[in-house]
Amino acid sequence: MIGRSVFAVYWLMALVFLAFPIVIVAALSFSSASYLTFPPPAFGVRWYRAFLGSREWLDSTWLSIAVAGSVVVVATSLGTLAALGLRHLTGAVRAAIGALILSPLIVPGIVVAIGIYYVFAAYRLVGTALGLVLAHTCLAVPFVVTSVSVSLAGLDRRLEQAALSLGATPSATFRQITLPLILPGILVGALFAFVTSFDELIVTLFLSGSGAVTLPRRMWDDLRFAIDPTIAAVSTLMIVLSAVLLLGAHVLRQRQATAQHKV
Amino acid sequence: MDPGLNLRLSSWPALRRPSVVAPVSGDARRAVGGDKTRGASVALCGIEKHYDSVGAVRGVSLDVRSGEFLTLLGPSGSGKTTTLMMIAGFETPNAGDIAIDGSSVLALPPYKRNIGMVFQNYALFPHLTAADNIGFPLKQRGIDRATRTRLVAASLERVHLSGYERRYPRQLSGGQQQRVALARAIVFHPRLLLMDEPLGALDKQLRENLQLEMRRLHADLGITFIYVTHDQEEALTMSDRVAVMNEGVVVQVGTPEDLYDRPCNRFVAAFIGESNFLSAVVRGIERNMLILDCAGTTIRAMALQTPTAGEGVTLAIRPERLRFADGTASMAENRIAITVTDMVFAGDCCRYLCHTDSGASLVLKQPSGSTGRRRHPGERADILWPAGDAVIV
């Protein structure tokens, strides 16, 4: 009994510790003060209005959404194909190629950023949205591959064999059987790809230059040069967006679990 | 023209020209098997399959006749499923040839072989309803929606599942899933149906019902069935012929009676039904009967092979062919003295565990209703069996 309540308190403290920064930021974003101060003297939506009224903030927001959207399309396609290909490999080859695909997650971000910067500089990709899309795709593909591979591992091979035995060509089998069954995994991968790109700062710092300033980059600049509570409003909006996307991913995973295991 | 398409069209004469399709009854009757399709004949010729130099199938040759119900029976790892997968086209043999109706199918991918298949655990598509599962092969063949609906309904009726069209596999019981899988595998009129332990996951009662249903289905459809199981009882009950496999080779092929009464070796004798084994030495041959010496007792056995005098042989005898001597022994019976070790009541029979004076153990089955007196552990008795019922293995 005592052990249980001690555990509950401990658990609660851990949650508060994790969520506290978010609470502070959210509170600050509704502040009426002209500078970042806690607790806020009064509440209002002044800084949300400032965000929506600022050409620069809105441009950065649209750029981030456009880049992240493109990354979703490219990374999800490539990652799904990679996962399907990996399924046909075994042993050392599979391990090696798998590790290669996952390497952007393992190599420190700053190292990846410097590498990408040097390569992209040579192709004049620095400061372009295309450069950001390509770089973010490298970072997002591992998430897609992981998510789709998990889905494929849960897929009974005999379902595809059954489809073939019933006269479906390999491409018909993929479209009618494999794809619908791994779709939740692909969508989860797509959500992660979006969030990965949308939140990415380190590589962006190197690549965005002055021509492609994404939302995180704009926030970074703002923090360094002109701290005002607009950044708190932007942060809160980003947190809400990320939370909604991750919740979506969670729901999809649950649906996949029920679809694959209740048979 | 590609051979797969050829097969497809020729098995769907009425559907080739939708305008001449007779209203409902015509193709519904086709789907419920009113007019029989001739079954395909299958010839396996010396097929081999190795995985990492381990032989899973080591030279299997087998002729499956048109319209036959043939079972591949064997313990796990005997290569029976691998053989089936090669017929279906999911595995490619390293050597040998597989011919269906006389022409090799090795070059054909699975989706062009036009073979029905029922998988272990059914492999129903979880995201499709029962109707869409059964309609799947029809859809692949470009059959229009209305005809599909009719054929699916007829097919469901055949497996006694009418009204379950809209259910998803997870909303069906194991037995129902099995029936849907069966309906899906026959709805497109394949001339060959492969089944990989389709009843393995079901309980005994249901299994026995479905065994009978499959036999009836086989008789109605007239197509060739190749059935894989490790359950010897299932194999004996359902099959026209059984091919017993062990360690990647076919050990014996024959009718259930053949295999039961004349097993060719000790493996078959032990794997199919139950057998007692007795060691004996050949003394000679007399009027087609072998005269044997079994630890000092002279016994006789059918001379299917002709071993030479002095050779040691093993005799196999079924437990239910043994009986306790009660003074009515005929000359054609063998007699051996035993001591009862234990008696087990098993419902339809009593099983007596006995040992001979030389120490060999024997099992004797006495039908429950038999008039014979019950024996008790420790009791000495003579047991008899007709000389023709023992085989040399």
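Computation of the quantities below employed the complete heavy-atom set of this structure, encompassing side-chain atoms and omitting hydrogens, waters and symmetry-equivalent molecules. Chain A is the first sequence line, chain B the second, and so forth, proteins listed ahead of strands; every chain is numbered from 1.
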Answer yes or no: are there more than 12 heavy-atom neighbours, outside A/H250 itself, under 6.0 Å from its atom NE2?
-> no
Should we say atom CZ of B/F90 is surrounded by more than 12 heavy atoms from elsewhere, each under 6.0 Å from it?
-> yes
Structural part of A/Q176 lying under 4.5 Å from a heavy atom of chain B = both
Of the non-hydrogen atoms in [X] and [Y], which two are nearest, and what is the gap between them?
{"X": "A/A162", "Y": "B/F119", "answer": "CA-CE1, 3.4 Å"}
{"X": "A/G167", "Y": "B/Q140", "answer": "O-CB, 3.7 Å"}
{"X": "B/L124", "Y": "A/L159", "answer": "O-CD2, 3.1 Å"}
{"X": "A/A168", "Y": "B/Y111", "answer": "O-CB, 3.2 Å"}

Any residue meeting side chain to side chain donor-acceptor pair (under 3.5 Å) with A/T61, in chain and number order, not counting sequence neighbours | none
How many angstroms lie between atom CG of B/D196 and atom CZ of A/R158, to the nearest 0.5 angstrom?
-> 8.0 Å
Between the main-chain N or O of A/L166 and the side-chain N or O of B/R141, is there a donor-acceptor pair closer than 3.5 Å?
-> yes
Quick one: are B/P109 and A/L164 in side-chain contact, heavy atoms under 4.5 Å?
-> no
Please walk me through it: do A/I177 and B/H127 pass side chain to side chain contact (heavy atoms under 4.5 Å, CB included)?
-> CA-CA 8 Å; A/I177 305 300; B/H127 61 299; 3.9 Å; yes
Run the side-chain donor-acceptor check on residues 64-76 of chain A: report pairs under 3.5 Å with partners two or more places apart or on a different chain.
| unit_1 | atom_1 | unit_2 | atom_2 | d |
| --- | --- | --- | --- | --- |
| A/S64 | OG | A/L215 | N | 2.8 |
| A/S70 | OG | A/A66 | O | 2.8 |
| A/T76 | OG1 | A/V72 | O | 2.5 |

